[in-house]
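Take a look at the structure below.
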2 protein chains.
Amino acid sequence: MLTKSQIKLINSLSQKKYRNQNQLFVVEGIKVIKEFLNSSFVLEKLYATADIFYTSHDKIELISEKELQKITNLKTAQTALAVFQIPKKQEKKITGLTLALDGIRDPGNLGTIIRLCDWFDVQNLICSEDTVDCFNEKVVQASMGSLSRIIPQYVDLKMTLNETKQPIFGAFMDGKNIYKTSLPKEGVLVLGNEANGISKPIVELMTQKIAIPQFGKPHTESLNVATATAILLSEFKRSF
Amino acid sequence: MLTKSQIKLINSLSQKKYRNQNQLFVVEGIKVIKEFLNSSFVLEKLYATADIFYTSHDKIELISEKELQKITNLKTAQTALAVFQIPKKQEKKITGLTLALDGIRDPGNLGTIIRLCDWFDVQNLICSEDTVDCFNEKVVQASMGSLSRIIPQYVDLKMTLNETKQPIFGAFMDGKNIYKTSLPKEGVLVLGNEANGISKPIVELMTQKIAIPQFGKPHTESLNVATATAILLSEFKRSF
């Protein structure tokens, strides 16, 4: 039986304030939950409508479908909902290829970008503090389990980029053709906000402005930031 | 003043059945509406809360914000909503680079892919008949105006691919490394359904199976179909 206070707590976790206060976040769907269970994330509690995990784990609670309806964030609830602990911040050194996000606001975009980092083995993902929170439930869903492996670090982006000695590449509309740019194995790639691009204080720190060229007559305004990230990461990785 | 029958008609257009019956679809937001007004699409009626189009067009009707609330599909309505005519089907010859979609279901994915075709100047986009309808309002929104230039054709995909003499490339998990495949300027690229990939009858028609290689240890299941399309179109276009 779900208690009132459990329901209240879980529902509150759709707000960043309460996620931070409780250091907890929600993951839904068996497949994605399994990826988190197999990672370094610590399970707080798992609610399921069936004993699908074949384990007598004392943190698993069987609930009814009606109860699941009360705590799910999805239109169609997915048999299980888990609450995990938000891991302690770990400062990673900036090495290899690093992706830096400056003010990404759409949770679907951040989730898709986390999935791309996972695919392209980009272990360092750093985000400006005004980037959407990665433990937002929509980010968790869109990342499809990749968040269990790639955890973004929220940093003072200007300070962090100022400190690195690696070359910094930024995606711009008027940058150098990416297909004709020689790209290093190690460096930082910066993508900016959906509407406004990379912010002024960060623009000044660029070593090289790059762009994905538009084909045909110029007509469409821009690519979606997640698809642009896909193409740019592919370019950085394809030759190594 | 919006009449009851106008409201009923506009609301009905969120269903494919009524879009087909009336041969009409909805576009929201000034920026996107302007792109459709500047295209070959024929405006049926434009509803706006302010005279933002600076024209005395007899098809424009000023309405209140409260009225706009009654017809919008968006959480936050965007000053204007337009109803356009669905253009007559035009059979295009398969030439140049063609993108073929086999059973894409998510409207956001189709909208993003239309935007990608627009960026990469891929004029031929063909879809299997079970692909989500491109005049679905979520596709229209996600395509950000690109649908005014790139209109997908819905076809019997098996028949169409059977008829073409061009090489057919399909995206698979176990295909040949795309970075090591020599790609032609003309050909067909097939992307499959989000969950099940390319369907069996279509698989048989492939000239070459291709894949975007995964970096690092194998761990994540797949890329989102829109980001995979971004990377593959970039690969097809980058050398020409």
Side-chain angles (χ1 to χ4, degrees), chain A residues 31-32 34-35 38-39 96-97 106 108-109 111-123 142-150 177-181 194-195 211-240, chain B residues 31-32 34-35 38-39 96-97 106 108-109 111-123 142-150 177-181 194-195 211-240:
Chain A
K31 219 167 133 182
V32 179
K34 278 187 179 160
E35 297 205 43
N38 289 329
S39 75
L97 180 61
D106 181 83
N109 283 340
T112 306
I113 290 171
I114 292 171
R115 204 171 157 189
L116 283 164
C117 287
D118 197 18
W119 187 271
F120 284 110
D121 199 27
V122 173
Q123 295 293 326
S143 82
M144 296 283 280
S146 287
L147 180 65
S148 67
R149 289 173 293 269
I150 306 289
N177 184 337
I178 181 82
Y179 303 134
K180 291 177 178 164
T181 307
E194 288 89 345
I212 302 160
Q214 191 169 152
F215 290 76
K217 285 175 289 176
H219 44 274
T220 183
E221 196 174 282
S222 68
L223 285 169
N224 161 284
V225 66
T227 53
T229 304
I231 296 163
L232 294 175
L233 287 183
S234 173
E235 285 299 316
F236 269 89
K237 287 287 188 169
R238 74 193 299 284
S239 21
F240 299 107
Chain B
K31 219 165 131 183
V32 179
K34 279 188 179 161
E35 297 205 44
N38 289 329
S39 75
L97 179 62
D106 181 82
N109 283 339
T112 305
I113 290 171
I114 291 170
R115 203 170 158 190
L116 282 164
C117 287
D118 196 18
W119 186 271
F120 283 110
D121 199 26
V122 174
Q123 294 292 326
S143 81
M144 297 283 280
S146 288
L147 180 65
S148 67
R149 288 174 293 268
I150 306 289
N177 184 337
I178 181 81
Y179 303 134
K180 292 176 177 164
T181 307
E194 288 88 346
I212 302 160
Q214 190 168 153
F215 290 76
K217 285 174 287 177
H219 45 272
T220 184
E221 197 174 280
S222 68
L223 286 169
N224 161 284
V225 65
T227 53
T229 304
I231 295 164
L232 295 174
L233 287 183
S234 173
E235 284 298 317
F236 269 88
K237 286 288 188 167
R238 74 193 298 286
S239 22
F240 299 108

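Lettering follows sequence order; numbering is per chain, from 1. The basis for the numbers below is simple: all heavy atoms, side chains too, and nothing from hydrogens, waters or symmetry mates.
Summarising the geometry, atom CD belonging to A/Glu235 is positioned 8.0 Å from atom OH belonging to B/Tyr179; distances are rounded to the nearest 0.5 Å. To the nearest 0.5 angstrom, B/Leu223 atom CG is 10.5 Å from A/Thr112 atom OG1. For the atom pair CD of B/Gln214 and CG of A/Asp121, the computed distance is 9.0 Å after rounding to the nearest 0.5 Å.
For the set B/Ala228, B/Ala230, B/Gly216, the count of heavy-atom pairs under 4.5 angstrom toward chain A peaks at B/Ala230. Interface summary for chain B: among A/Ser148, A/Pro213, A/Gly145, the most heavy-atom pairs under 4.5 angstrom belong to A/Pro213.
Contacts of A/Lys180 with chain B are absent, with no heavy-atom separation under 4.5 Å from either backbone or side chain. Both the backbone and the side chain of A/Ile212 come within contact range of chain B, each with at least one heavy atom under 4.5 Å from a heavy atom of that chain. Both the backbone and the side chain of B/Ser234 come within contact range of chain A, each with at least one heavy atom under 4.5 Å from a heavy atom of that chain. Heavy atoms closer than 4.5 Å to chain B are found nowhere in A/Gln123, neither backbone nor side chain.
Between A/Phe120 and B/Ile231 the shortest side-chain heavy-atom distance falls below 4.5 Å.
Nearest heavy atom pair, residue A/Thr227 against residue B/Ala226, reads CG2-O, 4.2 Å.
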